[in-house]
Amino acid sequence: MPLALTLPNSAGVCMLLLVSNLLLWEHVASKPTGSVSTGDLYDRVVGQSHTTYNLAADLYYEFDVKYFKSSWYKTRMPSLCHTASIHTPESREEVHEIKTEDLLKTMINISHAWEEPLKHLVSAVPTLPGASDKMLKIANAVKDKIHVLLAGMKTILSRSHKEVEKDAYPVWSGLADLQSSDEDTHLFAFYTLVRCLRRDTHKTDAFLKVLRCREIFNNECF
Ligand SMILES: *[C@@H]1O[C@H](CO)[C@@H](O)[C@H](O)[C@H]1NC(C)=O
């Protein structure tokens, strides 16, 4: 049966083409400096921050539907997010006064501060009672996206010849609670993480859109 013999072959060729296209794209995507305009860089990071926020919102939603307990309102104080010490503009005026570099540095700070807790979040998903594959996929995707986003923001910052200072990032100290054998403590720690993640990715997305508008469209966007 010649057909049976050629089919897997052409499927193999297709696969090869697909893989080499992917590699080509990765090569292009990993070579942003120099050849890519700052406008394109902003388009890229805004696309990434938008996706990151959507994923974080999905993660929050999935958790909320399955595990949220209204008793927490009475029994537990809402925890501060570990990134609360990083000041971000709170009004329109404040956003317009802050320099682009400083706002970029703030968002880089926030995203860095999420790298460690996100690793633990991903490992904690399977420990949830009746954990879903979907949640694990979303958590992994957020972790990967934030990493890519961070690289993009650093590239933009380096265009203005500003280095990212080798400074400390706020440390997350919720690991003991996240791994607690007390189910309520464990779930509440998880809740705090997904709530803060949604908040921070939302801020990052909003501020990047402001910066893109400022730097590329001279503040004239809708
Ligand atoms: C990040 O923010 C914290 C809290 O404001 C600050 O102490 C730290 O220096 C910042 N790190 C960077 C790299 O800006």
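Every number for a ligand or one of its atoms is a count from 1 in the order of the listing. All values derive from a computational prediction rather than experimental measurement.
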Do we see a donor-acceptor contact under 3.5 Å between the side chains of Thr38 and Glu215? no
Between the protein and ligand 1, which nitrogen or oxygen pairs come in under 3.5 Å, and how far apart is each?
{"residue": "ligand 1", "atom": "2 (O)", "partner": "Asn109", "partner atom": "ND2", "Å": "2.3"}
{"residue": "ligand 1", "atom": "5 (O)", "partner": "Ser85", "partner atom": "O", "Å": "3.0"}
{"residue": "ligand 1", "atom": "9 (O)", "partner": "Asp167", "partner atom": "OD2", "Å": "2.8"}
{"residue": "ligand 1", "atom": "11 (N)", "partner": "Asn109", "partner atom": "ND2", "Å": "2.9"}
{"residue": "ligand 1", "atom": "11 (N)", "partner": "Ala168", "partner atom": "O", "Å": "2.9"}
{"residue": "ligand 1", "atom": "14 (O)", "partner": "Asn109", "partner atom": "ND2", "Å": "3.4"}

Do Tyr61 and Phe68 have ring centres separated by under 6.0 Å? no
Are Phe63 and Phe190 an aromatic pair by the rule of ring centers under 6.0 Å? yes
Can you pull out every ring pair (Phe, Tyr, Trp, His ring centres under 6.0 Å) where at least one residue sits in residues 195-217? Sequence neighbours excluded, please. Tyr53-His202
Within 45° of the six-membered ring axis of Tyr42 and under 6.0 Å from that ring's centre, is NZ or CZ of Arg212 located there? no
Is there a donor-acceptor contact under 3.5 Å linking the side chains of Glu115 and His147? yes
